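Reading through the structure tokens given below for one structure.
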Amino acid sequence: MSVVVPAAQSLPAPLTRMASPRRLLLRRMLRSRSFLIGGGIVVFVALVAIFAPGLAPFDPDRIGAGKRLAAPGAKFLLGTDEFGRDILSRVIFGARYTLYIGLVAVGIGLLCGVVIGATAAYAGGWFGGLLMRTIDLLYTFPDVLIALGLVAFLGPNLTNAMIAVGISAIPYYARVTYGVVLSERQKPYVDAAQVVGAGHLRVVVRHLMPNVLPPMIVVASLGFSAAVLSAAALSFLGLGAQPPTPEWGLMLSTGRNYITRDPWLVIGPGVAIFITVMAFNLFGDGVRDLLDPRQRQRTQ
Amino acid sequence: MSAGTPRPALILDGLRKEFPHRRSLFGKAEAPVRAVDDVSFFVQPGETLGLVGESGCGKSTLARLIMRMMAPTSGSVLVDGQRVDTLLPSEVLAYRRKVQMIFQDPYASLNPRIRAGDLIAEPLLIHGLAKGAARAARVRELADQVGLAASSLTRFPHEFSGGQRQRIAIARALAVSPRIVVADEPVSALDVSVRAQVLNLMADLQAERGLSYLFISHDIGTVAYLSQRVAVMYLGAIVEIGPARDVLRRPRHPYTRLLLEAVPVAHPRLKSRRREVLRGEVPSAANIRDACRFAPRCPMATERCHIEVPQPRTLDGDRLVACHFAEDTPDLPKGLAA
Amino acid sequence: MPVATDLLDIQDLTVTFGGGSSRVTALHGVSFDLRKGETLALVGESGSGKSLTALSIMGLLPPEGHVAGGRVMLGSEDLLTQSRRDLVRTRGSRVSMVFQEPMTSLNPVLTVGRQLTEGLEFHRGATRAAAKARALDLLKLVGLTQPERRMRQYPHQLSGGMRQRVMIAMALACEPDLIIADEPTTALDVSIQAQIIDLMLDIKERLGTAILLITHDLGVVAEMADRIAVLYAGHVIEIAESLTLFDTPRHPYTEGLLAAVPRLDVLVAGTTARVRLAELPGSVPSPADRTNGCPFTPRCPIATARCAAEMPPMTPLDAAHSVACWERAP
Amino acid sequence: MTRFILRRLFTALITLIISSFLVCMLIHLIPGDPVAMMMAQNSSPTPEQLAAMRHMLGLDLPLWQQYFHYVGRLLTGDMGRSIFGSEPVGKLLLERLPNTFALAFAGLAIAIGFGMPLGFFAAYKKGSWADSALMAFAVAGVSVPNFWLGLMLVLLFSMTLGWLPVAGEDWRSMILPAVTLGVTYMAIIARMTRSAMIEVFSEDFIRTARAKGLPESIVMFRHALRPAMISVVTIIGVVFGYLMGGAVVVENVFSWNGLGRLAIQAINYRDYPLIQGFILLFATIIVVMSVLLDIAYAWLDPRISVQ
């Protein structure tokens with residue numbers, strides 16, 4: 001349509017008043033509950049992971065630190081497992097594995113996904129179309145299934161599980177990147193940049209990147225929680241981390257054998273996964289709300 | 001610049017752009033859409049050529065072809081006698097210094113994450129036109145010329161009003177000192193009271209710099225204000241082209257006439273209740289047969305119009321009209337022709 | 001003073017947006033009246049509050065908006081204090097509305113026929129058959145060919161102009177006293193715009209329906225309006241008969257606005273090379289810019305200190321022409 | 001519409017071809033000699049045995065021919081034999097299929113049956129405490145690991161309260177696994193439904209319906225519901241796929257005798273033909289389901305079904 005309606009004919013835009021965008025963003029950050037709670041827990045988990053050796057009361061791998069399957073008490077806040085190891089210490093060290101797995105998996109997925117999605121969106125044409133058709137197709141298959149298939153053939157261990165989880169998420173990242181880049185690429189400011197003489201590299205780095213990156217933070221955060229869940233599921237199924245690694249999914253897997261007698265074996269690590277995943281989900285939701293206040297208004 | 005008629009700044013020669021119809025596996029192959037169909041005209045140095053047409057007539061595609069944002073199916077664009085579509089990659093930058101563009105929507109055509117000053121500086125940087133302090137000085141000078149305060153240059157586009165944003169876009173286009181500016185609906189996204197500012201600015205800059213404008217708009221009033229000559233486009237083709245006042249006073253193509261009658265004139269004394277209305281709606285450009293493309297809506301159409309493509313003919317000395325019966329087109333009703 | 005023939009009388013309508021520190025007043029005591037069978041144009045640019053006025057009358061303000069005061073009298077009832085139930089009964093039957101975007105204003109998953117008949121069935125208790133017969137008549141009235149076929153079609157199968165005709169038919173369904181048309185031609189091409197203007201003029205003549213026309217396009221106003229109210233930043237600043245307003249505008253904003261639009265007739269008639277357009281400096285204020293004075297002051301060529309401090313009231317110059325300006329109507 | 005369905009079936013076919021190709025190639029991911037790995041259970045296979053196995057799997061062919069060999073076998077209904085127990089893979093899978101289907105559809109029923117109404121309710125009560133509570137619950141729902149949730153439910157309902165059995169084959173023993181499986185997707189569907197409803201409510205045509213003076217109930221059910229449904233249906237296809245993936249995990253939590261449990265056993269025994277068959281079967285089910293849902297989608301949306 002070449003007939004353009006003068007902007008904002010319908011409603012006044014009192015809510016988009018931008019005296020100082022940075023201050024406004026800060027104010028919105030402080031007001032967003034999802035962002036604060038999610039971000040807070042993420043930081044907390046990260047700190048726990050970093051300072052695990054200082055925080056953990058025991059060596060997580062020390063067999064016989066206490067009696068086997070001791071109930072929670074003053075010395076062992078979460079009790080001990082079937083080898084007498086301190087569960088709290090194992091949960092604390094588990095945070096390291098979880099963040100590590102998440103980072104590696106998201107790193108693999110994001111890197112490949114962004115490259116594929118951005119290439120398809122920027123190149124366009126039959127090549128981009130074909131690439132995205134393939135990705136769409138892979139996207140219909142659940143990530144767990146893809147990861148499972150890969151681990152089955154690569155062999156079950158933590159490294160392969162991370163790689164498999166990362167690969168299984170590529171379609172997700174590629175699709176989102178494709179959508180984001182395509183919508184940005186079609187905006188007139190890209191045409192305008194080309195018209196003043198900007199080359200492809202300049203258009204991508206100077207013009208597209210700053211607009212594509214913020215939504216990708218959301219994607220990475222939500223992807224992180226999915227990766228943590230998938231990796232824990234693989235470990236739970238015995239296809240990821242192998243004993244005696246203090247990995248939360250694996251701890252649940254071994255703990256379930258004692259569930260009748262000693263349910264705390266499955267409570268600690270389970271709550272840890274749950275809280276961590278939720279934190280990344282909240283954080284991602286929160287960032288999305290901050291980036292798109294209109295969306296926030298609508299979905300609040 | 002020898003004596004006699006100067007060489008046109010911009011020439012379009014038989015320009016054509018077809019979009020292939022997407023052919024699906026189970027669909028029939030359809031004829032391609034002729035978005036721009038054999039368009040030829042020129043723009044003189046220092047002149048404004050206004051290009052008028054309704055949505056979907058191909059005027060924006062034409063702008064994109066001139067700006068090398070897409071390749072023509074056939075025909076060519078010539079600037080300084082040089083074909084634009086066959087430029088080597090190394091020559092494209094030089095071309096961009098000659099021809100610049102102003103976009104329709106200043107809300108979308110400025111990158112929201114780049115400051116105004118950096119937006120204006122970007123062409124200088126890309127073309128290596130000024131460095132360091134000289135660049136900053138040049139940016140301030142450009143800002144001043146388009147009426148932007150130097151203190152506002154550190155702000156982001158969304159902190160400006162629509163009119164100011166379009167000033168940024170103009171400064172950016174002028175940074176490389178082009179000779180030709182293609183303006184695609186530069187004021188239609190702006191508030192009515194702000195449009196005159198931008199139109200006057202464009203007129204002033206033209207007078208100062210001897211710019212040539214290709215001014216594209218759906219609004220005949222705006223076109224008439226800025227243009228020496230007017231071209232009317234319908235379904236991909238130019239149906240009439242000539243001196244602005246003549247075309248608007250005494251349109252020779254029935255489409256031009258009906259379009260002028262359809263435009264509401266901003267004075268109640270001139271409202272013409274009994275006017276002849278342009279019937280129907282613009283058909284799809286995919287269904288053009290070898291005939292006059294306006295025939296299905298034309299009150300004057302005869303059998304000939306449905307079987308023979310009217311070739312542009314010279315009328316009244318400097319007018320080109322693509323109509324078999326251009327001489328028979330009735331004049332505008334009294335009030336309108338003024 | 002409301003006269004007996006008054007159909008709609010709006011007094012001091014004030015609308016705010018948001019709450020707390022971000023509360024913004026979008027309409028500042030808007031007053032005007034509309035007589036039976038009359039076309040009144042509300043003219044204004046972005047942020048002037050013209051669409052909000054329409055939505056307030058219809059009780060369709062978005063959730064962030066609140067009517068903070070005033071009255072909207074339709075006949076003897078105040079629409080603002082009507083019960084929810086009565087409001088629903090008024091909408092669509094006594095007052096109906098045509099929106100700007102015919103593309104998005106029709107439900108994509110319901111047939112044209114369904115969308116036309118449902119109002120009749122609800123408001124008039126018409127049977128399916130009766131509603132259908134009436135819908136066919138309406139489609140013919142708005143100049144659509146093959147009405148039976150149109151009834152079965154979905155909006156995406158119609159062109160933009162046809163959709164706007166359907167919108168108008170829907171608005172006419174229950175024979176309302178008043179149609180509010182919010183930028184009814186803005187999204188349309190010039191040739192379609194002319195068709196829709198003619199249709200609305202024709203309908204007004206044949207059915208005597210009053211029209212509240214909301215637009216920023218002075219051309220459309222000149223073609224359609226009997227009287228014009230000019231809005232600026234949430235204030236009505238001038239009201240006059242159409243001819244008077246175009247010939248002798250009194251408010252500096254109205255003057256500036258009229259002078260800033262390129263007039264085809266003037267351009268064509270002109271003998272000099274180029275008429276320079278008169279410019280209004282500055283830009284339209286945002287509703288968040290608060291001032292106690294006249295909001296036009298920063299752009300006004302004749303502003304005084306008083307203008308910045310105090311908003312002038314609407315002052316009658318004669319029986320049909322009022323203006324809010326300290327300098328022009330002290 | 002027919003054209004739409006034909007086109008959809010065509011892409012489904014392409015999908016199946018590509019997935020069968022990927023599944024066929026999976027075997028080359030095995031580190032080292034795949035045949036030797038497969039026969040590692042057999043204490044010391046002779047070179048002849050290895051060669052016979054290699055030939056049976058078509059692995060002695062050039063790479064590009066391997067796929068045709070594989071598809072050729074598939075088309076005759078031969079998915080290979082399980083290395084363990086040497087039963088036909090097809091038979092093993094089909095035996096377990098009904099159990100997995102029962103679980104997956106029960107989970108889907110819970111997810112849709114609760115998720116959509118909750119989403120509608122939250123959208124309708126937008127901004128209320130009920131909405132906030134529901135959405136907090138939804139975030140928890142998408143964050144909770146289903147294998148842990150399953151354990152917790154067992155702990156609570158079977159061991160502590162003793163209401164439901166831990167394992168078994170009757171419908172009562174299916175309640176816990178189905179709920180475990182459904183909760184995550186119920187949360188996803190509730191969120192999607194809510195935002196779809198809110199999105200639709202901000203559309204111009206809803207304002208038109210209100211301007212016509214229709215009561216809110218008609219606006220809601222006649223004008224808003226169907227467009228919102230359309231966008232929810234689009235995601236149910238994806239949800240179903242992910243739900244099938246989740247079933248693999250949940251089956252192992254509850255020792256539910258379905259495909260997922262079989263798959264994990266197969267992986268532990270390195271029963272590669274069985275794993276391949278499992279993945280291919282899952283892929284087929286997901287593709288078929290997504291075709292059906294796309295047709296439902298097209299049927300709901302006249303912009304596709306009415307030309």
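Computed over heavy atoms, backbone and side chain alike; hydrogens, waters and symmetry mates excluded. Note that the structure is a prediction, hence the values are computed from the model and not measured. Each chain gets a letter, A, B and so on, in the order its sequence line appears, and its residues count up from 1.
- The two atoms that bring P112(B) and N211(A) nearest to each other are CG-OD1, 3.4 Å, heavy atoms only.
- Taking chain A as the reference chain and counting heavy-atom pairs below 4.5 Å, the highest number among M101(B), R68(B), M69(B), R155(B) is found for M69(B).
- The number of heavy atoms from other shown groups lying within 6.0 Å of OH (Y100(A)) does not exceed 12.
- Counting heavy-atom pairs closer than 4.5 Å to chain A, the top residue among M67(B), R64(B), Q100(B) is Q100(B).
- Under the 4.0 Å criterion applied to side-chain N and carboxylate O atoms, E122(B) and R202(A) are assigned as salt-bridge partners.
- Closest of all the heavy-atom pairs between P210(A) and R113(B) is O-CD, 3.0 Å.
- With hydrogens and angles disregarded, no donor-acceptor distance shorter than 3.5 Å links the side chain of R97(B) to the backbone of G197(A).
- Between the side chain of H207(A) and the backbone N or O of I114(B) there is no donor-acceptor pair closer than 3.5 Å.
- For chain A, the nearby part of L125(B) is the side chain; its heavy atoms alone come within less than 4.5 Å.
- Taking each heavy atom of S109(B) and A192(A) in turn, the nearest pair found is O-CB, 3.5 Å.
- Contact detail for L110(B) and Y189(A): the closest heavy-atom pair is C-CB, 3.8 Å.
- Here the shortest heavy-atom pairing between N111(B) and R206(A) reads ND2-O, 4.2 Å.
- The closest side-chain heavy-atom distance from V196(A) to V176(B) is not below 4.5 Å.
- For a residue to count as touching a neighbouring chain, one of its non-hydrogen atoms must lie under 4.5 Å from one of that chain's; by this rule D184(B) does not touch chain A.
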